[in-house]
S.K.: 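First, the structure itself, so that you have it in front of you.
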2 protein chains.
Amino acid sequence: MTTRGRKNSSITIVDVAREAGVSYSTVSRVVNDNSHVRPETRARVLNAMLRLGYVVNQQARSLRGGRSQVIGVLVPDVGNTYIGAIIQGIDSELAARQYHLMLYTTHRRKTKESAYVTTITRGMADGLLLLLPTNVEAYIESLQKLQFPHVLVDYQHVENAFTSTVQSTNWQGAYDATRYLIELGHRRIGYIVGQREMQCSLDRLAGYRAALADAGLPIDPELIYPGDFYRPQGYMAANHFLSLPNPPTAIFAANDLSAFGVMDAVLNSGRRIPEDISVIGFDDILEAGHVHPGLTTVRQPLEEMGRVAAQLLLKRLDNPDLPGERVEMATELIVRDSCAPAREGVGIPPEVSRRY
Amino acid sequence: MTTRGRKNSSITIVDVAREAGVSYSTVSRVVNDNSHVRPETRARVLNAMLRLGYVVNQQARSLRGGRSQVIGVLVPDVGNTYIGAIIQGIDSELAARQYHLMLYTTHRRKTKESAYVTTITRGMADGLLLLLPTNVEAYIESLQKLQFPHVLVDYQHVENAFTSTVQSTNWQGAYDATRYLIELGHRRIGYIVGQREMQCSLDRLAGYRAALADAGLPIDPELIYPGDFYRPQGYMAANHFLSLPNPPTAIFAANDLSAFGVMDAVLNSGRRIPEDISVIGFDDILEAGHVHPGLTTVRQPLEEMGRVAAQLLLKRLDNPDLPGERVEMATELIVRDSCAPAREGVGIPPEVSRRY
DNA sequence: GAGATTTTTGCAAACGTTCACACGAATTTC
DNA sequence: GAAATTCGTGTGAACGTTTGCAAAAATCTC
């Protein structure tokens, strides 16, 4: 036996043909059951396939010019439940349609992102799903020029008619959250921005500003702090807010992860949530409902977004001449326990600094 | 222009050959730069490749009998940071070695797991990484018979010399955790078991029992409650423990997720952690350090486990005659804030039932 | 029941590679 | 400097499919 008994042992269409006493192209026709095959013959072939345990060789199939049945999914990283939820949605849709999922993580390295895109477009995959892409400009043009089917998730500003996008109503979500805080009586609301290079960050910031403006409240630049969607930065931002001479009574973080950082900082400072300071997030990742107190946040239908993105792409694959679509999915304010009506004289830590 | 300009536009080895004025096999040699090619010729070919933007077609390459440069990764689901961390490790290793990662999620559907395995082994991938596999028996034999390279992560009982495994010292970790609680003075320690069908669950349970036995403590069946590694079940288990006439003073959950459920239940009951009840987990997923109070837990080097598993597999690919390896990685007790010395008269909720 | 039509089937070529083999050129050996 | 060796390059076949074309078989039409 050779060292690579594996490849040798694989059953091909020819083996099945011999077994069934037909030609290999008849077997092919049975496999792709689109063409006319006599029911009797089909049964015989099917039987032989079953007996021999035939499995189609995708490589050969896609080489011949067909589809590879592979969808590339490009993600920044996979260690958080935000991305996880979206992938879950994508996966369920792809699996249902017999597609394979090729995962590429960029770890926020810009060069990698566009390098992957070129490999993927060359035969590796039939289509591409880009989650939270950061330097879209670097490759979007070549995707469009090659007419390579793709869908951007959580990215907005694409004017090209070929590119499809899926995102949630970031502006509205931020507006709603801010408005909710205002209605609770908060007048000074700190905002922690997301990564500047992502459009959703800007949209959320704009929603925050709009809500303040609509309520006739001033926009205090001191209350807008840069962030990066990660927890440590949220922690730092909150500490900044708390050290202000006139600290905010509520903090709105551009995503849940940042909000968790805020909660850490607030609780560490001896203040209580929501009695002393209200905290609100964005995304509604799994953990939002699990922290104490439960985080009030703006829900993005993450899994659903993944599913829709996959659907859009698959639809596109079946009909390449369709124009790109832009789907916007509604956010929803999820009220839990991290927000309370504003009180007077808040922001001042209570005498007893309890540890939490 | 046709509807599928994409496939047509792809540059092949032949195009490069024509451009460089050499034969296509010379180009192939340059691409796989193992053979002797005159430096001058190589430069000319390289130049042509660059000019034309040539990218190798993996499908054709692997059809020819070579490697597909694809590794299949089979996971139960991708929505939690435990799996995420392992995938992260796998991915970093694969990316460094120019391998692609094909992701398959089983969502705990047993049939799917073995169905995937057959598709993967037939040409889709060069090797297979199985994370937390559940019904290994269903396909392990065929993997071994086909000599298909594979590594099981977090699974133990495989006696076959061909199969490689990576896992952590589950028994020891549980032993250490239990022992730690005992040293803190706890005598009644509740244990929440993991999924029965996973070996690690049994190992951890055994470690717990051994530590109790070694300390001369009785093993009270009432204090061992079935779980499934998920949060809601942890919550239920803790409620069970708390409702006991003589509740435990510490609860050890078979993984962090369950431990979070425990924390929810304990805090909901108005008890404090760690003052009234100590809680300890297993895994040290990202969130363990983020909850309040920080969860004391047994750390598994998850990312590292993923990396090692990938290394094992790749080593195997390069040298198919190597026997399977079994790597066991050390766990480590991470002490945070969820455990305290046992007190008398605990388990009785304080008068003031505070809200958390 | 013979020709026309339709359905079913087989053959051959192609997809883009790799690789064994062979052959000519360059280099070494004596 | 001729024979032997090594090096560099080209030719052809193969990997497992799909699919256009044509032949064979079955069915229909009168």
S.K.: Using the ring pair (Phe, Tyr, Trp, His ring centres under 6.0 Å) criterion, which residues pair with B:Tyr104? Sequence neighbours excluded.
M.R.: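 B:Tyr104 satisfies ring pair (Phe, Tyr, Trp, His ring centres under 6.0 Å) with A:His100, B:Tyr116 once adjacent residues are dropped.
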
S.K.: B:Arg61 CZ to C:dG16 C1': how many Å, rounded?
M.R.: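 It is 11 Å, rounded to the nearest whole Å.
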
S.K.: Looking at residues at least two apart in the chain, or sitting in another chain, which of them share a ring pair (Phe, Tyr, Trp, His ring centres under 6.0 Å) with B:Phe162?
M.R.: B:His150

S.K.: Above 12 or not: heavy atoms from other molecules or residues under 6.0 Å from CD of B:Glu328?
M.R.: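 Count over threshold, so yes.
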
S.K.: Where along residues 21-32 of chain A does a heavy atom come under 4.0 Å from DNA chain D, residue by residue in number order?
M.R.: A:Tyr24, A:Ser25, A:Ser28, A:Asn32

S.K.: Within a 6.0 Å radius of atom CD on A:Gln98, are there more than 12 heavy atoms belonging to other residues, nucleotides or ligands?
M.R.: no

S.K.: Which pair of heavy atoms, one from A:Leu322 and one from A:Lys315, lies closest together, and at what distance?
M.R.: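 Distance-wise, the nearest heavy atoms are CD2-CG, 3.9 Å.
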
S.K.: With no hydrogens and no angle check, is any side-chain donor or acceptor of A:Ser164 less than 3.5 Å from a backbone partner on A:Glu325?
M.R.: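 Pair found, side chain donor or acceptor close to backbone of A:Glu325.
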
S.K.: Rounded to whole angstroms, how far apart are CZ on B:Arg38 and C1' on D:dG10?
M.R.: 14 Å

S.K.: Under a 4.0 Å N-O cut-off, is there an ion pair linking B:Arg18 with B:Asp15?
M.R.: yes

S.K.: What are the atom names and distances for every N/O pair under 3.5 Å that joins the protein to nucleotides 22-28 of chain C?
M.R.:
none

S.K.: Assign each of B:Leu63 and B:Arg42 to its nearest nucleotide of DNA chain D by heavy atoms, then name whichever residue's nucleotide is nearer the 5' end.
M.R.: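 Of the two residues, B:Arg42 wins.
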
S.K.: Does a salt bridge link A:Arg97 with A:Glu93, judged by any charged N lying under 4.0 Å from a carboxylate O?
M.R.: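 Between A:Glu93 and A:Arg97 there is no salt bridge, as every charged N stays at least 4.0 Å from the carboxylate O atoms.
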
S.K.: Roughly how many Å is it from CD1 in A:Ile11 to P in D:dG16, rounded to a whole number?
M.R.: 11 Å

S.K.: Rounded to whole angstroms, how far apart are CD1 on B:Ile13 and C1' on C:dC15?
M.R.: 13 Å

S.K.: Could you work out which one of D:dT17, D:dT9, C:dT9 sits closest to the side chain of B:Thr41?
M.R.: D:dT9

S.K.: Is a side-chain N or O of A:Asn135 found less than 3.5 angstrom from the main chain of A:Ala138, in a donor-acceptor match?
M.R.: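 Not a single qualifying donor-acceptor pair exists.
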
S.K.: Could you tell me how far apart A:Gln69 (CD) and D:dT17 (P) are, to the nearest whole angstrom?
M.R.: 14 Å

S.K.: Counting distance only, does the side-chain N/O of B:Asp126 pair as donor-acceptor with the main-chain N or O of B:Ile71 below 3.5 Å?
M.R.: no

S.K.: Considering residues at least two apart in sequence or located in another chain, which fulfil the side-chain hydrogen bond (donor to acceptor under 3.5 Å, both in side chains) criterion with A:Arg44?
M.R.: none

S.K.: With the threshold set at under 4.0 Å for non-hydrogen atoms, list the residues of residues 48-55 of chain A touching DNA chain D in residue-number order.
M.R.: A:Tyr54, A:Val55

S.K.: Is the shortest side-chain N/O distance from A:His36 to OP1 or OP2 of C:dT7 below 4.0 Å?
M.R.: no

